[in-house]
Enquirer: 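Quick one: this structure, given as C-alpha cells, is what I'll be asking you about.
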Amino acid sequence: MQGGGALGSYQAGVYEALSGSDYLPDWVAGISIGAINAAIIAGNPPGERVAKLRQFWEGITAPASTLAGCWQGALAAGWVDYRQLGAASALLLGQPGFFAPRQAMDWLLGPEPVSYYDTAALKGTLEALVDFDRINAKQMRFSVGAVNVRTGNFAYFDNAEITIRPEHVMASGALPPGFPAIEIDGEHYWDGGLVSNTPLQYVLEYIPRRSRLTFQVDVFPSRGALPTTLAEVAERDKDIRYSSRTRAVTDMLRNAHDVRHNINALFEMLPDALRATPEAQFLYAYGCVTTMDIVQLIYRPDQPQGQAKDYEFSRRTMEERWAAGRADAAAALVASPWLAPMPAEIGARTFDLHAPAAAPASRIGQVPRDAA
C-alpha cells in the first residue's frame, strides 16, 4: 500500500472487498499512510479489521471542534467547497488523533522546531486500534518502509525480523517538513516515500522468493489529462512525482523476473558440459522458477481533486475514496484475470483492469507500461 495521506481511505475500501473474498492477504506492506492501514490490518483478527479501519478513518476525519460551527457555516453559505474546507482545516487545525500544529510558544522559546506539526496523538491512536502483540506473534507478515535521516538509506521494519512498535509505523509516515523524524534505537527516520512510495520491491525480492499474487494499491495515477489551470498543474505534478517511482519499480521487477524465469528455462536446455561452466553456474544463481501476478488497483477519481488532495481529510471525501477502493477491488475479484494460465516464457504479469484505453498490451495478461 502506497503513501498518500488522506487518499489512503481508498486502500481501506480495497481491503474491505478483499476481506470477504478467497484472497485474504498473508502479508501486508506499506509506506506512510499505507503503513498505518497495514498496521491496523495486521494488528487485528480478520473479523475486526474493517471495523478498526473504519474507526481510524472516521476518527481522523471528524471535524475539528474548535471551528466546527464556522466551517459548517462557510460551507452552507457556499463560500468554499468541502474539499477546500477539508484542506484548510487540516492545515490550520490538524486532524484528531493524527497530527496537530505546533503551538506558538514552540516557535518563540527554545530551539526552533524541525516540523510544522506534532504527531504525538498518532501514537495513542495506534495503541488503541492496533494489537502489536498480534503483529509480533507473526500471524500475518507485516513490513513498513522508512528512510534513515542520517544515512539516507531505505530501511524496512519487518515483523519476521524485529519486534514492531508504534514508532516503526509512525516513522514510515513521518513526511518532512510537516511531521518530525521518529527516533528508533538511536536513529531517526522519515517517511519511506522520500525514496520509494511503494513497498512492492521489498515484497517480491525477499529471499526466498515464493510465487505470489500481489495486490498493489496506489493512490496517485500516472496517466491524466493535460492541465488547463494552475490548480490542475499542481495536482498533475504531484501525481507524476509519486506515481513515477511506483511505475518504474513495477516495470523493473516484471522485466527482471522474466529474465530470471528464462535463465532457469534456458539452463534446463543446456548440455551437462555447458551447465558445469562457471559462467552457466553464475547465471543459474540468478534464475528463478517462481511466478508473480501483480494486480494494480489505482485511485482514479472522475473529477480533479486538487493539489491538496493528500491532506484533504473531509469526511465526505473519505467516504467517496473508500467506496471507490471497494468498487475497484470488487470488480477485479469478479474478473480474476490471474486465474488464466501463465505463459511459459513469462515470469511476471501485471493487471490493471481499470486503466484508461491505451495501446494493446505487449504481453498476455500485461497492461501497457504507461497504464500503471
Enquirer: Please determine whether the number of non-hydrogen atoms from other residues, nucleotides or ligands lying under 6.0 Å from atom OH of Y116 exceeds 12.
Expert: no
Enquirer: Is the backbone N or O of G97 less than 3.5 Å from a side-chain atom of T125, with the two atoms forming a donor-acceptor pair by type?
Expert: yes
Enquirer: Only one of R223, K309, Q305 clears side-chain hydrogen bond (donor to acceptor under 3.5 Å, both in side chains) with D239; which?
Expert: K309
Enquirer: Given the rule in the side-chain contact (heavy atoms from CB on, under 4.5 Å) test, do F56 and L126 qualify, once you have shown the distances and angles that lead to the verdict?
Expert: CA-CA 9 Å; F56 171 74; L126 290 169; 5.9 Å; no
Enquirer: Do other residues, nucleotides or ligands put more than 12 heavy atoms under 6.0 Å from the CD atom of E161?
Expert: yes
Enquirer: When you look at E312 and Q84, which way does the side-chain contact (heavy atoms from CB on, under 4.5 Å) test go after all the steps?
Expert: CA-CA 8 Å; E312 195 269 279; Q84 292 173 322; over 6 Å; no
Enquirer: Are V169 and I36 side-chain neighbours, meaning at least one heavy-atom pair lies under 4.5 Å?
Expert: yes
Enquirer: Hey, mind stepping through D158 and R141 against side-chain contact (heavy atoms from CB on, under 4.5 Å) and telling me if it holds?
Expert: CA-CA 8 Å; D158 190 326; R141 184 78 176 268; 2.7 Å; yes
Enquirer: Assess, by modelled atom type and distance only, whether the side chains of Q201 and S196 contain a donor and an acceptor separated by less than 3.5 Å.
Expert: no
Enquirer: So how far is it from Y10 OH to L297 CG, rounded to the nearest 0.5 Å?
Expert: 5.0 Å
Enquirer: Any donor and acceptor pair, going by atom type alone, linking the side chain of N159 with main-chain N or O of I135 inside 3.5 Å?
Expert: yes
Enquirer: Assess the residue pair D26 and R210 against the criterion (salt bridge (Lys or Arg N to Asp or Glu O under 4.0 Å)); give the C-alpha distance rounded to whole Å, side-chain angles, the decisive distance to 0.1 Å, and a yes or no.
Expert: CA-CA 12 Å; D26 61 356; R210 296 180 180 176; over 6 Å; no
Enquirer: If we check side chain to side chain contact (heavy atoms under 4.5 Å, CB included) with D293, which of these qualifies: L213, L339, T214, T350?
Expert: L213
Enquirer: Using atom types as modelled and distance alone, determine if a side-chain donor or acceptor of R150 lies under 3.5 Å from a backbone N or O of H188.
Expert: no
Enquirer: Distance check, rounded to the nearest 0.5 Å: Y284 atom OH versus F267 atom CZ?
Expert: 6.0 Å
Enquirer: So does Q103 get a backbone contact from the side chain of D106, meaning a donor-acceptor N/O pair under 3.5 Å?
Expert: yes
Enquirer: If we ignore hydrogens and angles and just use 3.5 Å, is the side chain of T61 paired with the main-chain N or O of S314 as donor and acceptor?
Expert: no
Enquirer: Between the side chain of N197 and the main-chain N/O of G3, is any donor-acceptor distance below 3.5 Å?
Expert: yes
Enquirer: To the nearest 0.5 Å, what is the distance between CG (L18) and CZ (R326)?
Expert: 12.5 Å
Enquirer: Side chains of Q296 and F351, heavy atoms from C-beta outward: is any pair under 4.5 Å?
Expert: no
Enquirer: Does V149 belong to the same Ile/Leu/Val/Met/Phe/Trp/Tyr cluster as V114, with side-chain heavy atoms less than 4.5 Å apart forming each link?
Expert: no
Enquirer: Are side-chain heavy atoms of I31 and D191 found at a separation under 4.5 Å?
Expert: yes
Enquirer: Go through the steps for Y189 and F157 under the test ring-ring contact (aromatic ring centres under 6.0 Å, His included), then give the verdict.
Expert: CA-CA 11 Å; Y189 296 89; F157 306 122; 5.2 Å; yes
Enquirer: Enter the distance from R275:CZ to Q281:CD here, rounded to the nearest 0.5 Å.
Expert: 9.5 Å
Enquirer: What's the shortest heavy-atom distance between H168 and V144, and which atoms?
Expert: O-CG2, 3.8 Å
Enquirer: Working to the nearest 0.5 angstrom, can you tell me the gap between D218 CG and Y299 OH?
Expert: 14.0 Å
Enquirer: Taking the inter-plane angle between the rings of F99 and F179 on a 0 to 90° scale, is it parallel (under 30°), tilted (30 to 60°) or perpendicular (over 60°)?
Expert: tilted
Enquirer: Does CD in Q303 sit with more than 12 non-hydrogen atoms of other residues, nucleotides or ligands closer than 6.0 Å?
Expert: no
Enquirer: Please report the closest heavy-atom contact between M170 and T119, naming both atoms and the distance.
Expert: CE-O, 3.5 Å
Enquirer: Any heavy-atom pair between the side chains of L108 and M105 that's under 4.5 Å?
Expert: yes
Enquirer: With no hydrogens and no angle check, do the side chains of W27 and Y206 hold a donor and an acceptor under 3.5 Å apart?
Expert: no
Enquirer: Provide the closest heavy-atom pair for V295 versus A332 in the form atom of the first, atom of the second, distance.
Expert: CG1-CB, 4.4 Å
Enquirer: Using modelled atom types and a 3.5 Å cut-off, is there a donor and acceptor pairing between side-chain atoms of H261 and backbone atoms of A344?
Expert: yes
Enquirer: Rounded to the nearest 0.5 Å, how far does CG of D272 lie from CG of L274?
Expert: 9.5 Å
Enquirer: Between I33 and Q2, what is the shortest heavy-atom contact and its length?
Expert: CG2-O, 3.8 Å
Enquirer: Does T290 offer a backbone N or O that forms a donor-acceptor pair with the side chain of H257 under 3.5 Å?
Expert: yes
Enquirer: Check for a donor-acceptor pair, side chain of Y117 on one end and backbone N or O of L91 on the other, with a separation under 3.5 Å.
Expert: yes
Enquirer: Checking salt bridge (Lys or Arg N to Asp or Glu O under 4.0 Å) against D310, which of R241, R321, K238 comes through?
Expert: K238
Enquirer: Could you report the tightest heavy-atom contact between R254 and A348, atom names first, then the distance?
Expert: CG-O, 3.7 Å
Enquirer: Can you see which heavy atom on V217 is nearest to which on Q11, and at what distance?
Expert: CG1-CG, 3.6 Å
Enquirer: For R49 and E16: C-alpha separation, side-chain torsions, deciding distance, then whether salt bridge (Lys or Arg N to Asp or Glu O under 4.0 Å) applies.
Expert: CA-CA 8 Å; R49 291 169 184 165; E16 182 177 12; over 6 Å; no
Enquirer: Has E167 got a side-chain atom pairing as donor or acceptor with I184's backbone, closer than 3.5 angstrom?
Expert: no
Enquirer: Between Q139 and P45, is any pair of side-chain heavy atoms under 4.5 Å apart?
Expert: no
Enquirer: Please step through side-chain contact (heavy atoms from CB on, under 4.5 Å) for the pair V259 and Y286, ending with a clear verdict.
Expert: CA-CA 9 Å; V259 171; Y286 288 91; over 6 Å; no
Enquirer: Would you say that T246 contacts I298 through its side chain, given a criterion of any heavy-atom pair below 4.5 Å between the two side chains?
Expert: no
Enquirer: Are L175 and I240 linked, directly or through other ILVMFWY residues, by side chains that come within less than 4.5 angstrom of each other?
Expert: no
Enquirer: Would a 4.5 Å heavy-atom cut-off, applied to side chains only, mark F215 and V14 as touching?
Expert: no
Enquirer: Within the supplied structure, the quantity of interest is the number of heavy atoms (other residues, nucleotides, ligands) at a distance under 6.0 Å from W190 CH2; does it exceed 12?
Expert: no
Enquirer: Would you call F98 and F313 a side-chain contact if the rule is heavy atoms closer than 4.5 Å?
Expert: yes
Enquirer: In plain terms, say whether R247 and D251 are close enough for a salt bridge, that is, a side-chain N and a carboxylate O under 4.0 Å apart.
Expert: no
Enquirer: Between R54 and E319, does the salt bridge (Lys or Arg N to Asp or Glu O under 4.0 Å) criterion hold? Intermediate values first, please.
Expert: CA-CA 10 Å; R54 174 66 64 177; E319 296 283 5; 2.9 Å; yes
